[in-house]
Amino acid sequence: MASVLEELRWRGLLANSTDEAALAAHLNAGPVTFYVGFDPTAPSIHFGNLVQLIVARHLQRAGHRPLILVGGSTGLIGDPKESSERILNPKEVVADWVERIRAQVERFVEFDGPAAALVVNNLDWTGELATLDFLRDVGKHFPVNRMLGRDVVRSRLEDGISYTEFSYVLLQALDYRELFRSFGCTLQFGGSDQWGNITAGVELIRRSEGARVHALATPLLTKADGSKFGKTEGGTVWLDPTMTSPYAFYQFFLQAEDAKVVEYLKVFSPRDRDAIDELARETELRPHLRLAQRALADDVTVLVHSQAERDAAVAAGEALFGNSDLRALSESTLRGIVSELPHHLMPAGDPGATDEWQLPTALDVLSLSGVAASRSEARRAIEQGGAYLNNQRVSDPEARLAPDDLLHGRYVIARRGKRTVGAVTIDARPTASATG
RNA sequence: GGCAGGUUGCCCGAGUGGCCAAAGGGAGCAGACUGUAAAUCUGCCGGCUCAGCCUACGUUGGUUCGAACCCAACACCUGCCA
């Protein structure tokens, strides 16, 4: 049976590690307590964090014990990014995000059994830490000349970096030492962009505790052209269903490139080697069937959301793509689809009160539904022949809907291009018989 | 605190009085070709009641018939000096 390290390697989840032979021996010798951290920089974790949670699952299944750290304190400081200084978020906001993220990560690890996971918050040990103690006990171990050599810092020397962000690495290193002391944690991993922060912890423990601990880094997932994988039209792919709907989430994975889909499957899918090899063959022989993409989207959506959400996302996709007749759908099916899409509820006017009440125009529907960011963009889409209402191409921006255009008397599905879909719901149909 | 340089559309970046909604590149969007893939080609890419109008070049005020471009003050960033 393959070791967990070999498994991770095969899945392409190992980008970097401290002495790998030593780590392999350590993992072999018995249950290891490991940690991975997530900083609250938004109300939800995102697609990129998912990779770390998956690694945590693999390790836990191999009998090791996860500590999932939510960065209540590091989130107040901000890990320096190459581009520019971050804006500090208010403490209450960060505290709120900590709670949300804590709830999210709990889905991915087991809290029972011998390798039960634990969620920790670094604010618990840094919140009350005195500055002088910090400088004496932690700062003393960090040569500034070495810190200046770090890539992120170097990239910021020109444009500037605050002392706050410059100090971030000390806090993360301190976290590792704290978890080492309190829980005997001897392995930390994270994304490859975290490597510097992670090894700083390894070094701090070596210097102040005289102990040798380990580290791993997962690779940054890229697209075929080398750019970062993880952004979509709407921006970041979030795990929170109110920020990225399960439908959009499913679509994101379904649209994976052929050249990369097998790589993503290895990372995200629980399927074993044989199953993935089979999907790789399918992608080569019958790429148009997109079996690998479907498997990928299925697996990740079920993992992050649920089987039911996955089923709904598939049903919605089938109805919306191609030129299927949306009129054939039952009202309940349609309602389900609409709820997955960006949509806008439009109150129907009371024809008795406003004799001018009219149904919206094509332009209205495209912009209200959110399919087009502005009316200008909607106009452009129509001019370019890329706008559809209920799967019918639109040519006149001012064309007004007729009552008959409303699916089940209320819904209009708007689409721009192939993939951008939204809906408008007319709240209640005006009683046309009011005046006869 | 002093001196010097900087702040342009999503990002980078040109523009130093009218021809500027602002070159060029990147990102992005649409169309064609396809397979909800990639590559390629074409078009688009501030907003709107869209042959016109409105808002925009850090902020505020000024000069001018006219300002992204000139002047003043302020804010922020960078460097050098204290």
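The structure presented is a predicted model; accordingly, all values stated were derived computationally and were not measured. Every chain is numbered from 1, with letters handed out A, B, ... down the list of sequences.
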- Item | Steps toward side chain to side chain contact (heavy atoms under 4.5 Å, CB included) verdict (Tyr168(A), Asp39(A)) | CA-CA 12 Å; Tyr168(A) 181 92; Asp39(A) 268 3; 2.5 Å; yes
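Residue side chain Gln384(A) reaches the base of G43(B) through a donor-acceptor N/O pair under 3.5 Å, judged by distance alone. Interface remark: the Ser376(A) side chain does form a donor-acceptor pair with the C50(B) base, using a distance-only criterion of under 3.5 Å.
Between the side chains of Arg150(A) and Asn197(A), at least one donor N or O sits under 3.5 Å from an acceptor N or O. Between the side chains of Ser44(A) and Gln104(A), a donor-acceptor pair is found at a separation under 3.5 Å.
Screening Val365(A), Asn390(A), Asp364(A), Thr361(A) for a side-chain contact (heavy atoms from CB on, under 4.5 Å) with Leu401(A), the sole residue that qualifies is Val365(A).
Taking every heavy atom of both residues into account, Ser73(A) and Asn121(A) meet most closely at N-OD1, 4.3 Å.
One can place CD of Gln255(A) at 9 Å from P of A38(B), the figure rounded to the nearest angstrom. We find that CD of Glu284(A) is positioned 18 Å from P of A38(B), with the value rounded to whole Å. Atom CD of Glu263(A) is separated from atom C1' of A37(B) by 15 Å (rounded to the nearest Å). Look at CD1 on Ile382(A): it is 13 Å from P on C50(B), rounded to the nearest Å. Per the geometry, CG belonging to Leu366(A) stands 12 Å off P belonging to A30(B), to the nearest Å. Leu279(A) places its CG atom 19 Å from the P atom of A37(B), with the value rounded to the nearest Å. As a whole-Å value, the separation of Lys223(A) NZ from A37(B) C1' is 12 Å. What separates CZ of Arg416(A) from C1' of C44(B) is a distance of 12 Å, to the nearest Å.
For U59(B) and C11(B), the P atoms lie 14 Å apart once the distance is rounded to whole Å. Nucleotides G47(B) and U42(B), compared at atom P, are 24 Å apart to the nearest Å. Distance noted for atom C1' between G61(B) and A75(B): 15 Å (whole Å). Atom name P, nucleotides C10(B) and A22(B): the rounded distance is 15 Å, in whole Å. The separation of A23(B) from U8(B), taken at their C1' atoms, amounts to 13 Å, rounded to a whole angstrom. The same atom, P, is picked in U7(B) and in A68(B); the two are 16 Å apart, to the nearest Å. The same atom, C1', is picked in C48(B) and in A21(B); the two are 14 Å apart, to the nearest Å. Atom name C1', nucleotides A67(B) and U63(B): the rounded distance is 10 Å, in whole Å.
Nucleic acid contact for Glu377(A): none, since no nucleic acid atom lies under 4.0 Å from a heavy atom of the residue.
A salt bridge does not link Lys260(A) to Glu257(A): none of the charged side-chain nitrogens sits closer than 4.0 Å to a carboxylate oxygen. By the 4.0 Å N-to-carboxylate-O rule, Asp277(A) lies too far from Arg281(A) to be salt-bridged with it. Arg379(A) and Glu383(A) are not joined by a salt bridge, as no carboxylate oxygen comes within less than 4.0 angstrom of a charged side-chain nitrogen.
Within the structure, every side-chain polar atom (N or O) of Arg375(A) is placed at least 4.0 Å from both OP1 and OP2 of G47(B). Proximity of Arg380(A) to the phosphate of G47(B): a side-chain N or O atom is located under 4.0 Å from OP1 or OP2. Between Arg419(A) and A37(B), a side-chain N or O to OP1/OP2 separation shorter than 4.0 Å is present. Note on Arg379(A): every side-chain N or O is 4.0 Å or more away from OP1 and OP2 of C45(B).
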Using a cutoff of under 3.5 Å, can you pull out all pairs of nitrogen or oxygen atoms linking the protein to nucleotides 80-82 of chain B, with atom names and distances?
none

Pairwise N/O distances under 3.5 Å, protein to nucleotides 32-35 of chain B:
residue : atom : partner   : partner atom : Å
U34(B)  : N3   : Lys418(A) : NZ           : 2.9
U34(B)  : O4   : Lys418(A) : NZ           : 2.0
G35(B)  : O6   : Asp258(A) : OD2          : 3.3
G35(B)  : N1   : Asp258(A) : OD1          : 3.4
G35(B)  : N1   : Asp258(A) : OD2          : 2.4
G35(B)  : N2   : Asp258(A) : OD1          : 2.5
G35(B)  : N2   : Asp258(A) : OD2          : 3.2
G35(B)  : N2   : Arg290(A) : NH1          : 3.0
G35(B)  : N3   : Arg290(A) : NH1          : 3.4

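Residues Tyr247(A) and Phe252(A) fail the side-chain proximity criterion, which asks for heavy atoms closer than 4.5 Å. Between Arg415(A) and Leu366(A), every side-chain heavy-atom pair lies at or beyond the 4.5 Å cut-off.
The partner of G24(B) is C12(B), by the rule that a Watson-Crick or G-U pair needs both atom distances under 3.5 Å. The pairing partner recorded for C41(B) is G31(B), the criterion being a Watson-Crick or G-U wobble arrangement whose two distances lie under 3.5 angstrom. Nucleotide U78(B): paired with A4(B) (Watson-Crick or G-U wobble, both distances less than 3.5 Å). The partner of A73(B) is U59(B), by the rule that a Watson-Crick or G-U pair needs both atom distances under 3.5 Å.
Both Gly385(A) and Glu398(A) lie close to RNA chain B; mapped to their nearest nucleotides by heavy-atom distance, the more 5′-ward contact belongs to Gly385(A). Closest-nucleotide positions on RNA chain B for Gly417(A) and Gln251(A) were compared, and the one nearer the 5' end corresponds to Gly417(A).
Residue Asn16(A) holds its CG atom at 9.0 Å from CD1 of Ile198(A), rounded to the nearest 0.5 Å.
Note: Tyr264(A) and Phe253(A) fail the aromatic proximity criterion, with ring centroids not under 6.0 Å apart.
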